[in-house]
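Here the structure comes first, spelled out in structure tokens, and everything after it is commentary.
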Amino acid sequence: MKIKRQKQAKKTLSFYKYNFNFREPHQILIDGTFCQAALKNQIQIKEQMPKYLMGEVHLCTTNCALKELETLGKELYGAKIILQRYQVRNCQHFKKPVSTSECLLSMLEDGNPHHYFIATQDLTLTNGLKKYPNVPLLYIVHNTMVLEKPSQLSLDHVQAVHLGELVSPAEQQSIQSLKAEQGIVQKNGERRGMKRKRKPHNPNPLSCLKKKKKKSGPTPPRKKTEEGQKKTRSRHKKNKTQGEPNGSTASTPLIQNS
């Protein structure tokens, strides 16, 4: 049974590795319920977690998870002692702590960029993880740790990426790195693109041409008509030739007999 569970964990890890770019050391976000279940079932998290995931791990938690254990009283004092040994990651609720489930879900915003695993026994948190395709879930059943199989949402997401409908997180990261190398990464509040300085250009050659001077001279005077005389128009008569439509023939000069 142990070998079968190990093979299934290896298969699940390979799924997240090749499709969502998960790498060692694995980042494990742990809450108080997971520590309480481990204490109850006598599981050494720090020793057994690297063996089960077959690699180096970083165990961590948040300030909100520690504050919640403090408010719950002495019943969870042992879980609090265990949780205090792990790294405390900065969250957005330093001044106003919130519930552990809300805090851990906020750590997964923007597509889980730090590649966190979530280790919890909380059903509220487990149900909240169903909307994230790239978050592995760890929980305890009896006296063993279990890495849950990829959800249907994760499988559909990977299939959509393979069909070209979506861009995988690995491809997004490579695109961002290429943009950073080329210096075209857009920061918040910055305008897209840089203003280019205009270089001095040569003047338009047509604008350098000298203006042509108009010929200045006396204008011919107009003919004046005497008072009472009508204005007449000069018409140019054309000589008509034979074969014209009106049937008239050109006049020929008469030859006188000498």
Side-chain angles (χ1 to χ4, degrees), residues 5 8-9 12-13 15-16 20 22-151 153-154:
R5 191 170 63 251
Q8 182 59 47
T12 304
L13 285 171
F15 173 83
Y16 286 105
F20 297 103
F22 276 70
R23 294 290 184 269
E24 295 184 26
H26 301 305
Q27 313 289 321
I28 317 295
L29 270 178
I30 304 176
D31 69 350
T33 59
F34 190 85
C35 293
Q36 181 67 14
L39 185 64
K40 184 178 179 180
N41 292 283
Q42 298 181 355
I43 296 175
Q44 300 293 331
I45 300 174
K46 197 170 184 179
E47 295 177 2
Q48 296 185 25
M49 185 75 76
K51 293 179 182 178
Y52 180 62
L53 297 180
M54 295 164 285
E56 186 182 355
V57 299
H58 283 171
L59 305 177
C60 51
T61 186
T62 62
N63 188 49
C64 294
L66 293 172
K67 291 289 184 182
E68 188 177 64
L69 288 179
E70 289 179 1
T71 57
L72 293 175
K74 296 180 180 179
E75 295 181 359
L76 298 175
Y77 180 77
K80 177 188 171 184
I81 296 299
I82 296 172
L83 199 62
Q84 284 177 341
R85 298 173 183 172
Y86 306 144
Q87 299 176 7
V88 179
R89 296 294 170 89
N90 295 328
C91 62
Q92 303 172 359
H93 323 102
F94 182 75
K95 294 182 179 180
K96 294 181 180 180
V98 296
S99 63
T100 303
S101 59
E102 184 179 350
C103 180
L104 295 188
L105 287 174
S106 69
M107 300 289 285
L108 307 175
E109 291 179 354
D110 301 327
N112 192 14
H114 299 288
H115 302 98
Y116 285 123
F117 288 66
I118 299 295
T120 184
Q121 303 290 112
D122 188 0
L123 290 176
T124 305
L125 180 55
T126 303
N127 292 330
L129 295 176
K130 291 181 179 180
K131 62 180 181 180
Y132 295 98
N134 58 338
V135 182
L137 175 63
L138 286 160
Y139 53 86
I140 294 173
V141 178
H142 300 300
N143 59 348
T144 57
M145 286 185 292
V146 177
L147 177 62
E148 191 176 52
K149 295 180 181 180
S151 63
L153 177 64
S154 302

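Checked against Ile140 for a side-chain contact (heavy atoms from CB on, under 4.5 Å), the options Thr33, Asn41, Val146 give a single hit: Asn41.
When all heavy atoms of Leu153 and Lys130 are compared, the pair lying nearest together is CD2-O, 2.9 Å. Nearest heavy atoms, Thr124 versus Ser101: CG2-OG, 4.2 Å. Scanning all heavy atoms of the two residues, the minimum distance from Tyr86 to Cys35 falls at CE1-SG, 4.2 Å. Residue Pro113 comes nearest to Asp110 through the heavy atom pair CD-O, 3.8 Å, listed as atom of the first residue, atom of the second, then distance. Closest of all the heavy-atom pairs between Lys131 and Gly128 is CG-O, 3.3 Å. Across every non-hydrogen atom of Ala119 and Ile28, the tightest pair is CB-CG2, 4.0 Å.
One finds the CE atom of Met145 at 4.5 Å from the CE atom of Met49 (value rounded to the nearest 0.5 Å). Separating the CG atom in Leu83 from the CD1 atom in Ile45 is a distance of 8.5 Å, to the nearest 0.5 Å. For the atom pair Glu75 CD and Leu69 CG, the distance stands at 12.0 Å (nearest 0.5 Å). With rounding to the nearest 0.5 angstrom, the CD1 atom of Ile30 is 12.0 Å from the CZ atom of Arg85. Taken from CG in Leu72 to CD in Gln36, the straight-line distance is 10.0 Å, to the nearest 0.5 Å. With values rounded to the nearest 0.5 angstrom, His93 atom NE2 is found 8.5 Å from Ser99 atom OG.
Within the 4.5 Å cutoff, the side chain of Val57 has no heavy atoms near those of the Pro25 side chain. A heavy-atom distance below 4.5 Å is not found between the side chains of Gln27 and His115. You'll find the side chain of Leu108 reaches within 4.5 Å of the side chain of Leu129, heavy atoms only. When side chains are defined from C-beta on, Tyr139 does not count as touching Thr126, because their heavy atoms never get closer than 4.5 Å. Contact check for Asn112 versus Phe22: side-chain heavy atoms found under the 4.5 Å cut-off.
Applying the ring pair (Phe, Tyr, Trp, His ring centres under 6.0 Å) rule to Tyr116 yields the partners His114; only residues at least two apart in sequence or on another chain are considered. Every residue two or more places apart in sequence or in another chain was checked for a side chain to side chain donor-acceptor pair (under 3.5 Å) with Thr144, and none qualifies.
For Gln42, the CD atom is loosely surrounded, since the number of other residues' heavy atoms within 6.0 Å does not exceed 12.
When atom types are taken as modelled, the side chain of Glu24 and the backbone of Glu56 share a donor-acceptor pair closer than 3.5 angstrom. Between the side chain of Tyr52 and the backbone N or O of Leu147 there is at least one donor-acceptor pair closer than 3.5 Å. For Ser154 (side chain) and Asn134 (main-chain N/O), no donor-acceptor pair under 3.5 Å exists by modelled atom type.
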| query | What's the verdict on side chain to side chain contact (heavy atoms under 4.5 Å, CB included) for Asp122 and Thr100, showing C-alpha distance, side-chain angles and the deciding distance? | reply | CA-CA 9 Å; Asp122 188 0; Thr100 303; 5.8 Å; no
| task | Could you give me the CA-CA distance, side-chain angles and deciding distance for Leu13 and Leu53, then say whether side chain to side chain contact (heavy atoms under 4.5 Å, CB included) is met? | result | CA-CA 8 Å; Leu13 285 171; Leu53 297 180; 4.3 Å; yes
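In the model, Asp31 has a side-chain atom that pairs as donor or acceptor with a side-chain atom of Thr120 under 3.5 Å. No side-chain donor from either of Ser106 and Gln92 sits under 3.5 Å from a side-chain acceptor of the other.
Taking the six-membered ring for Trp and thresholds of 30 and 60 degrees, Tyr16 and Phe20 have ring planes inclined between 30 and 60 degrees apart.
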